[in-house]
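Below: the structure, in structure tokens.
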Amino acid sequence: MPPENDPSFSLPTLQELSLISHMDQTVEPMSPSRPSSHSISNFSPNYDTKSVRAGLIHDLKRFGIHVDDEFVLKEVLKIDEASLKDADACADLLRSTHRKDIESLQKVVMHGKVKDEKHMYNPLENLCRTIATYGSKSPRRHLVITNSKHLESESHFTGSLIPDLCAVEVGNGEVESIKTRDGKVFLRQVAAFAEVKKSDKDDPVPARSSATLNTAQVADYAAMLFIGRPFNLFVIGLSICGNKFRVGYFDRSGILFSEARDMFSKQGLPIFIKVIRRITCDMSNIDLGHNPNIHLLEGHTYYQNEYPKFRVDTGHQSSYVTEGRPLWISFSYLGRGTSTWVASSSGGVKLVLKFAWRSENRRGEASIYNDVGEMPGVARLMDGGDMMWKQRGLGQISIRSIRNLDPKVKFERNVILHFVGINPIGKMLWDAKDDLEFCLGIWAAIKGYRRLNKKKGFLHRDISPGNVFIWDEFQNGKPAPSDDEIGFLADLEFASFPTSQSIYVARPRETVTRLPSGKTVTTPIDSSRISSKNLSNTAVHSVFEEVAITKSGAGPEMTRQDPDSSNKSLLPQKEPRLFVPFRALGLITNYVPFVLQRRAWALWEGGKMTLLFVGPDAPEQISNLAMDGDAVWAAAGPHALKYIRGKEVLRVTNPLGTALSFITIFGSQLLALTEDGSRMILWDTEDGNLDATIEFEAGFTATLILHPVTYLNKILVSSSEGSTQLWNVRSQICIHKFPLHRLQSISEAIQAGSVDPSCAITSMVQSPAVDVVGIGFASGEISVYDVRADERLMRMFMDGGGIRALGFRSDGHPVLASASSAGHLALWDLNSGGRLLHMI
């Protein structure tokens with residue numbers, strides 16, 4: 001049914017939609033909710049160079065900056081195989097014939113200012129050219145000075161910042177032979193890069209191996225090369241800072257650098273010569289990171305005027321040939337690295353090939369398509385799976401296998417190259433030929449989403465303008481068979497389905513924008529313009545979530561409901577005063593519960609919210625609070641302090657001297673966890689005597705303690721690894737262990753021993769029912785668990801952040817409240833298997 005005949009929904013015109021408040025295009029993140037791992041290529045007014053690189057620094061700090069001289073120089077560059085009989089002889093030649101260039105470089109390094117860095121480019125280019133042609137060698141590439149005026153990207157790459165020197169593929173040995181008509185070279189011709197800084201203080205590897213702005217800059221240039229060569233598995237780049245140089249290896253799991261060496265020392269110059277010689281003359285494109293399963297088609301080169309074609313061998317007895325430029329290239333460096341192409345199979349069937357890196361802990365997109373099956377309004381899977389090495393016999397193409405890591409070596413950042421081949425071929429929303437095709441395409445995709453959600457409980461979880469397509473009549477060779485196939489959804493890698501247990505997903509609250517014509521469009525509070533020419537992820541996501549899920553009657557409804565509304569008149573109508581507006585607290589708190597502010601605490605009466613006591617400053621920042629009758633216990637550094645009526649009356653100190661992260665009262669004892677989660681310490685709350693110290697086993701990092709009601713002398717201890725243990729504190733014995741796979745849904749990789757931070761338990765709470773507790777995880781998952789039966793009763797999920805707090809209603813209503821790190825509150829009906837009641 002076309003939209004104009006469907007009474008359940010009326011699409012506004014594009015002119016009306018353009019009245020919605022503008023927000024610039026959202027760039028593609030590694031996960032749907034976090035925009036920090038992008039490159040400067042995602043340039044927009046909201047993401048300038050400084051802010052985007054700050055995001056890169058954040059991600060690189062998590063991944064770490066590592067120095068591995070042996071791997072970078074010996075295994076990747078293989079400098080000992082350089083085509084030089086005598087590197088020392090070449091060094092002597094440089095010192096004699098390029099004496100002025102070397103002096104110019106050292107003059108800038110010793111006496112120049114930052115702006116004089118540009119005077120280093122020409123001398124370095126001269127040195128590299130002599131190295132490349134030494135011994136009458138015909139180089140494959142030249143290191144040449146580049147800027148944004150020299151490179152033509154052939155994609156929607158909009159970054160204007162380019163490396164100082166680029167290793168450019170050449171035809172007959174000269175760069176001039178392969179320039180475009182405008183005097184430029186194609187970005188796809190760049191095989192490696194070099195970034196130059198005046199001072200060795202700008203080294204991208206600081207003393208503490210943590211990311212800096214200079215680290216983010218070279219990582220950004222690596223992302224630029226991935227845009228030019230989407231089939232690269234890794235990128236090689238040089239960092240020249242003053243007289244020092246390093247070689248950087250960049251893949252989707254982080255950066256490895258060689259040791260820093262003096263470029264003009266007796267030992268350093270021959271190594272520099274070998275590095276340049278290998279990059280410019282000896283190394284093939286595969287040696288420089290190109291996927292060996294994907295080859296330039298015979299007769300095609302990176303420096304031809306037309307975009308080259310590639311033969312793709314998936315490693316699954318299927319092969320394809322790409323046609324033209326990629327439809328889409330991801331701009332992220334540490335993200336999924338997605339690229340999509342129009343391709344033809346060996347049998348002549350046209351389809352869209354998508355390549356992306358997936359976490360080994362995440363389900364492959366091809367298997368999700370298999371579960372979906374064929375359905376109008378959704379792309380159809382033709383082929384897919386993890387890319388396999390064709391020649392190496394090493395199984396999946398992954399960062400672990402690329403780096404030749406021992407399978408026994410723990411590597412938490414491993415990602416796997418995944419591909420899917422889908423049909424039909426679509427064009428982007430902004431390529432719609434007119435407004436009618438644009439609206440019909442979106443409507444067809446919405447109806448496809450409705451079918452999925454109604455039939456299988458499907459949630460896409462990554463709706464954006466780049467994931468909704470319009471039937472391409474030219475590429476498919478015919479018009480769409482029906483109105484239901486004019487548009488369709490793709491990119492299902494973040495999609496989720498209900499398991500055998502009930503699953504509901506909480507999403508941020510939405511608002512309604514009224515248009516001049518009287519129509520309304522449901523959008524998030526920070527909604528943006530949505531039209532065929534200017535689309536945002538947020539607005540498109542909003543339309544799909546509201547129209548496809550809520551209006552179809554499937555999935556969680558975003559309206560306030562009462563699980564016992566039919567019996568409401570029988571319940572006491574007394575209004576609780578806790579949430580009645582009475583007085584502003586006047587305190588601005590951090591991530592610690594609201595009674596804390598830095599090193600002090602405040603006690604409020606819950607009925608009228610009147611201030612009772614304010615404690616004195618603790619010796620260090622307060623990390624946790626516990627109530628013991630009229631007494632307040634506060635953990636501050638290695639101390640636990642007891643206050644009565646705002647005055648300190650007792651202080652206990654960790655004998656190990658380390659900070660305490662969590663405290664709770666258990667009868668007449670104070671239980672505390674050390675900051676590293678390795679020990680639990682027990683004190684007497686009356687006299688402060690140390691009763692016991694319990695040490696946990698390796699691989700168990702304690703985070704929280706909960707006393708299950710009626711369990712004598714027993715407590716539950718949770719961990720950052722996702723498992724839980726039941727302890728008898730009197731006998732100091734671990735009675736039972738609840739493994740991770742029993743508490744939450746995990747991938748096979750995690751079951752095999754891989755550690756995922758999202759598995760960490762961040763909240764535990766006792767329910768009104770004996771034996772039943774609520775457990776929240778950093779992934780946003782919530783489990784209602786029967787401790788005695790060792791069985792999960794139900795599972796819910798909050799989108800957008802980890803669980804920070806849980807609470808059961810204790811007045812007879814079977815409702816669970818949850819709070820996420822994104823600031824959202826959700827209420828769940830436990831009588832309906834965990835159905836979402838309301839979202840704040």
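The minimum heavy-atom distance linking Gln725 with Phe700 is given by the pair NE2-CD1, 3.4 Å. Pairing each heavy atom of Val787 with each of Leu716, the nearest pair is CG2-CD1, 3.9 Å. Across all non-hydrogen atoms, the minimal contact from Tyr643 to Ala634 is CE1-CB, 4.0 Å. When every heavy atom of Ile622 is checked against every heavy atom of Ala618, the shortest pair comes out as CG1-CB, 4.0 Å. Nearest approach of His639 to Pro619, heavy atoms of both residues: CD2-CG, 3.8 Å. In this structure, Asn831 and Pro814 approach most closely via the heavy-atom pair ND2-CG, 3.2 Å.
To the nearest 0.5 Å, atoms OG (Ser818) and CZ (Phe797) are separated by 11.5 Å. To the nearest 0.5 Å, atoms CG (Leu641) and CG (Leu625) are separated by 10.5 Å. We find the CD1-NE2 distance between Ile665 and His707 to be 13.5 Å, quoted to the nearest 0.5 Å. For the atom pair CZ (Arg809) and CG (Leu827), the distance works out to 8.5 Å, reported to the nearest 0.5 Å. Arg792 CZ to Asp786 CG: the interatomic distance, rounded to the nearest 0.5 Å, is 13.5 Å. To the nearest 0.5 angstrom, Ile255 atom CD1 is 4.5 Å from Ile65 atom CD1.
Side-chain contact between Val614 and Trp601 is absent, with no heavy-atom pair separated by less than 4.5 Å. Counting heavy atoms from C-beta on, the side chains of Leu706 and Thr664 never come closer than 4.5 Å. Looking at Val632 and Met627, their side chains come closer than 4.5 Å, going by heavy atoms from C-beta outward. Counting heavy atoms from C-beta on, the side chains of Met796 and Val784 come closer than 4.5 Å. Side-chain contact between Leu213 and Ile57 is present, with at least one heavy-atom pair separated by less than 4.5 Å. Between Lys737 and Ser723 the shortest side-chain heavy-atom distance does not fall below 4.5 Å. Considering only heavy atoms from C-beta on, Glu360 stays 4.5 Å or farther from Ser398 through its side chain. Put simply, the side chain of Leu740 does not reach to within 4.5 Å of the side chain of Glu721, judged on heavy atoms.
Under the rule for a ring-ring contact (aromatic ring centres under 6.0 Å, His included), the partners of Trp727 that lie at least two apart in sequence or sit in another chain are Phe696. Ser821 meets the side-chain hydrogen bond (donor to acceptor under 3.5 Å, both in side chains) test with no other residue; sequence neighbours excluded. The side-chain hydrogen bond (donor to acceptor under 3.5 Å, both in side chains) check on Ser767 picks up nothing, with sequence neighbours excluded. With sequence neighbours excluded, no residue forms a ring-ring contact (aromatic ring centres under 6.0 Å, His included) with Phe613. Residues passing the ring-ring contact (aromatic ring centres under 6.0 Å, His included) test with Phe662: none are found, sequence neighbours excluded.
Side-chain N/O atoms of Asp251 and Ser253 include no donor and acceptor closer than 3.5 Å. For His460 and Asn467, the side-chain atoms include no donor-acceptor pair closer than 3.5 Å. In summary, the side chains of Thr703 and Ser720 do not present any donor paired with an acceptor at a separation below 3.5 Å, with no hydrogens or angles considered.
A donor-acceptor pair is defined here as one N or O able to donate and one able to accept, closer than 3.5 Å; such a pair exists between the side chain of Ser783 and the backbone of Leu743. Here the side chain of Arg795 pairs no donor or acceptor atom with the backbone of Ile782 at under 3.5 angstrom. Asn624 places no side-chain N or O within donor-acceptor distance of the main-chain N or O of Ala635, the cut-off being under 3.5 Å. Distance alone, capped at 3.5 Å, places no donor-acceptor pair between the Glu675 side chain and the Thr658 backbone.
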Can you list, pair by pair, the side-chain donor-acceptor contacts under 3.5 Å of residues 768-779, counting residues two or more places apart and other chains?
residue, atom, partner, partner atom, Å
Asp771, OD1, Tyr711, OH, 2.7
Asp771, OD1, Arg788, NE, 3.4
Asp771, OD2, Arg788, NE, 3.4
Ser779, OG, Glu781, N, 3.4

ask   = Yes or no on side-chain contact (heavy atoms from CB on, under 4.5 Å) for Leu830 and Met794, after CA distance, side-chain angles and deciding distance?
value = CA-CA 8 Å; Leu830 303 180; Met794 63 188 71; 3.7 Å; yes
task = Determine, step by step, whether Asn654 and Arg679 satisfy the side-chain contact (heavy atoms from CB on, under 4.5 Å) criterion, reporting the C-alpha distance in whole Å, the side-chain angles of both residues, the deciding distance to 0.1 Å, and the verdict.
result = CA-CA 11 Å; Asn654 180 1; Arg679 289 177 173 83; over 6 Å; no
request  = Apply side-chain contact (heavy atoms from CB on, under 4.5 Å) to Phe808 and Gln766, showing your working.
outcome  = CA-CA 8 Å; Phe808 291 89; Gln766 173 70 49; over 6 Å; no
ask   = Between Arg742 and Asp790, does a side-chain contact (heavy atoms from CB on, under 4.5 Å) hold up when you go through it step by step?
value = CA-CA 8 Å; Arg742 300 282 296 176; Asp790 196 2; 3.9 Å; yes
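Salt bridge annotation for Glu365-Arg336: absent, with no cationic side-chain nitrogen under 4.0 angstrom from a carboxylate oxygen.
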